[in-house]
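Just so you know, these numbers use all the heavy atoms, side chains as well, and skip hydrogens, waters and symmetry mates.
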Amino acid sequence: MMRIRWWECHKSVEGVDQAVAEPAYVRIAGDYARRIRAGVLPAGTQLPSYAELARQNGVSDIVVRKALELLQSQGLVRSVRRRGIFVADRPNLVRVSPERQMEPAERSFENESDQQIVVERDSEQVPATSQLAEALGTSVGEEIRHVITRASEGGRPISISDTYTPLDVADVSDAAFLEETIADALPSPAHADWLRTMPGDLVKTVHQRFLASDKRIIMVSDVSYPRDRYDAFVFRMNLK
């Protein structure tokens with residue numbers, strides 16, 4: 001079995017190096033997200049004006065607008081007409097999908113927290129079961145790639161996923177569509193063990209299917225989070 005491990009701040013997705021720099025608007029939004037969730041910017045705090053944010057960060061108004069729209073989509077800030085942008089009264093975590101599926105788990109979780117984020121991945125080639133063969137359009141027993149991704153925040157497990165891809169698929173960069181099914185459900189034994197749930201406890205589960213433009217399924221994934229981690233999920237399903 002081939003085992004590969006990645007740790008905190010190593011920018012990679014399913015073994016593919018991410019050399020592209022983080023967009024400025026994501027960096028700005030992430031900085032404010034961490035400060036809001038840490039309580040440095042309490043509810044009701046007014047953010048600087050567009051012009052001031054642009055000056056502080058050396059970017060254009062368009063970049064600032066995209067950063068604030070991202071914060072709003074995550075439920076962290078609210079816009080008050082003719083007054084400005086304010087920290088939301090209940091800045092709860094809102095998982096935005098599928099945009100975040102196109103970035104490393106490290107970056108997604110670091111933008112949610114000011115605590116240490118550790119991400120570990122194990123990768124192996126396994127024979128496709130009948131269920132996976134049907135899902136991926138392969139033959140039963142054909143070798144496919146299985147990646148287990150585990151994330152923790154300040155030592156607390158916050159996410160675990162099982163991802164399967166055909167060996168000729170490097171990542172999801174060619175995906176055109178994402179289908180997600182969300183449910184509160186009993187976790188698999190491995191997911192329950194990582195998330196430290198009690199017997200009978202439900203978790204938030206997300207079943208994902210990434211499809212190419214020709215409708216070929218190029219990746220399936222099952223993700224589990226603690227049930228209380230996210231208040232909501234926001235979807236934009238067309239990836240192109």
A.B. asks: Please evaluate residues Y32 and L53 with respect to the criterion side-chain contact (heavy atoms from CB on, under 4.5 Å), reporting the C-alpha separation (whole Å), side-chain torsions for both, the decisive distance (0.1 Å), and the verdict.
C.D. replies: CA-CA 11 Å; Y32 271 94; L53 284 171; 3.1 Å; yes

A.B. asks: Between M219 and T163, is a side-chain contact (heavy atoms from CB on, under 4.5 Å) present by the stated rule, with each step listed?
C.D. replies: CA-CA 7 Å; M219 180 182 290; T163 297; 3.4 Å; yes

A.B. asks: Could you state the interatomic distance from OG (S60) to CZ (R65), rounded to the nearest 0.5 Å?
C.D. replies: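 So the gap between those two atoms works out to 8.5 Å.
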
A.B. asks: Is V223 linked to I182 within one hydrophobic cluster, defined over Ile, Leu, Val, Met, Phe, Trp and Tyr using a side-chain heavy-atom separation of less than 4.5 Å?
C.D. replies: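 V223 and I182: one cluster.
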
A.B. asks: Within this structure, what is the OG-CZ distance for the pair S161 and R150, rounded to the nearest 0.5 Å?
C.D. replies: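 Those atoms lie 9.5 Å apart.
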
A.B. asks: Is the closest side-chain heavy-atom distance between E180 and S221 below 4.5 Å?
C.D. replies: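 E180 vs S221: side chains apart.
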
A.B. asks: Would you kindly confirm whether I148 and I158 end up in one hydrophobic cluster when ILVMFWY residues are joined by side chain heavy atoms under 4.5 Å apart?
C.D. replies: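 Different clusters.
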
A.B. asks: Going from CG on N57 to CD1 on I28, what distance comes out if it is rounded to the nearest 0.5 angstrom?
C.D. replies: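 So the CG of N57 and the CD1 of I28 are separated by 4.0 Å.
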
A.B. asks: Please tell me whether V87 and Y50 are part of a single hydrophobic cluster in this structure, the criterion being side-chain heavy atoms less than 4.5 Å apart.
C.D. replies: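 The answer is yes; both residues are in one hydrophobic cluster.
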
A.B. asks: Could you check whether any side-chain heavy atom of R227 comes within less than 4.5 Å of a side-chain heavy atom of D201, counting everything from C-beta outward?
C.D. replies: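 A side-chain contact under 4.5 Å is absent here.
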
A.B. asks: At what distance, to the nearest 0.5 angstrom, does CD1 of I85 lie from OG of S49?
C.D. replies: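 Nearest 0.5 Å value for the CD1-OG distance: 11.0 Å.
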
A.B. asks: Would you call the rings of H146 and Y164 parallel, tilted or perpendicular if under 30° counts as parallel and over 60° as perpendicular?
C.D. replies: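 Parallel: the ring planes of H146 and Y164 meet at under 30°.
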
A.B. asks: Would a 4.5 Å heavy-atom cut-off, applied to side chains only, mark V220 and Q208 as touching?
C.D. replies: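 Not touching, per the 4.5 Å side-chain cut-off.
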
A.B. asks: Only one of R34, R27, R35 clears side chain to side chain donor-acceptor pair (under 3.5 Å) with D31; which?
C.D. replies: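 Exactly one pass, corresponding to R35.
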
A.B. asks: Roughly how far, to the nearest 0.5 Å, is CG of L136 from CD of Q131?
C.D. replies: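 Atom-to-atom, Q131:CD and L136:CG are 10.5 Å apart.
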
A.B. asks: Between I117 and V119, is a side-chain contact (heavy atoms from CB on, under 4.5 Å) present by the stated rule, with each step listed?
C.D. replies: CA-CA 7 Å; I117 299 296; V119 175; 4.1 Å; yes

A.B. asks: Taking atom CG of L167 as the centre, report whether more than 12 heavy atoms of other residues, nucleotides or ligands fall under 6.0 Å from it.
C.D. replies: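 More than 12 heavy atoms, drawn from other residues, nucleotides or ligands, come within 6.0 Å of this atom.
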
A.B. asks: Could you tell me if the side chain of I160 sits less than 4.5 Å from the side chain of T149, heavy atoms only?
C.D. replies: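 Contact flag for T149/I160 side chains = no.
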
A.B. asks: Just so I know, are the side chains of P127 and E142 near enough to count as touching, which here means a heavy-atom distance under 4.5 Å?
C.D. replies: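 Sidechains of E142 and P127: no contact.
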
A.B. asks: Going through the distances and angles, do T205 and D222 end up as a side-chain contact (heavy atoms from CB on, under 4.5 Å)?
C.D. replies: CA-CA 7 Å; T205 63; D222 287 289; over 6 Å; no

A.B. asks: Should V126 and I144 count as side-chain neighbours, where that means a heavy-atom distance under 4.5 Å?
C.D. replies: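 They are in contact (side-chain heavy atoms under 4.5 Å apart), so the answer is yes.
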
A.B. asks: Given S224 and H191, is the side chain to side chain donor-acceptor pair (under 3.5 Å) satisfied, shown in steps?
C.D. replies: CA-CA 7 Å; S224 296; H191 286 206; 2.7 Å; yes

A.B. asks: Got V77 and L47 here, is their nearest side-chain heavy-atom distance under 4.5 Å?
C.D. replies: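 Contact flag for V77/L47 side chains = yes.
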
A.B. asks: Taking side chain as C-beta onward, heavy atoms only, is F177 less than 4.5 Å from K215?
C.D. replies: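 Yes, close enough: below the 4.5 Å cut-off.
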
A.B. asks: What distance separates E134 CD from S139 OG, expressed to the nearest 0.5 Å?
C.D. replies: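 Here the rounded value is 12.5 Å.
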
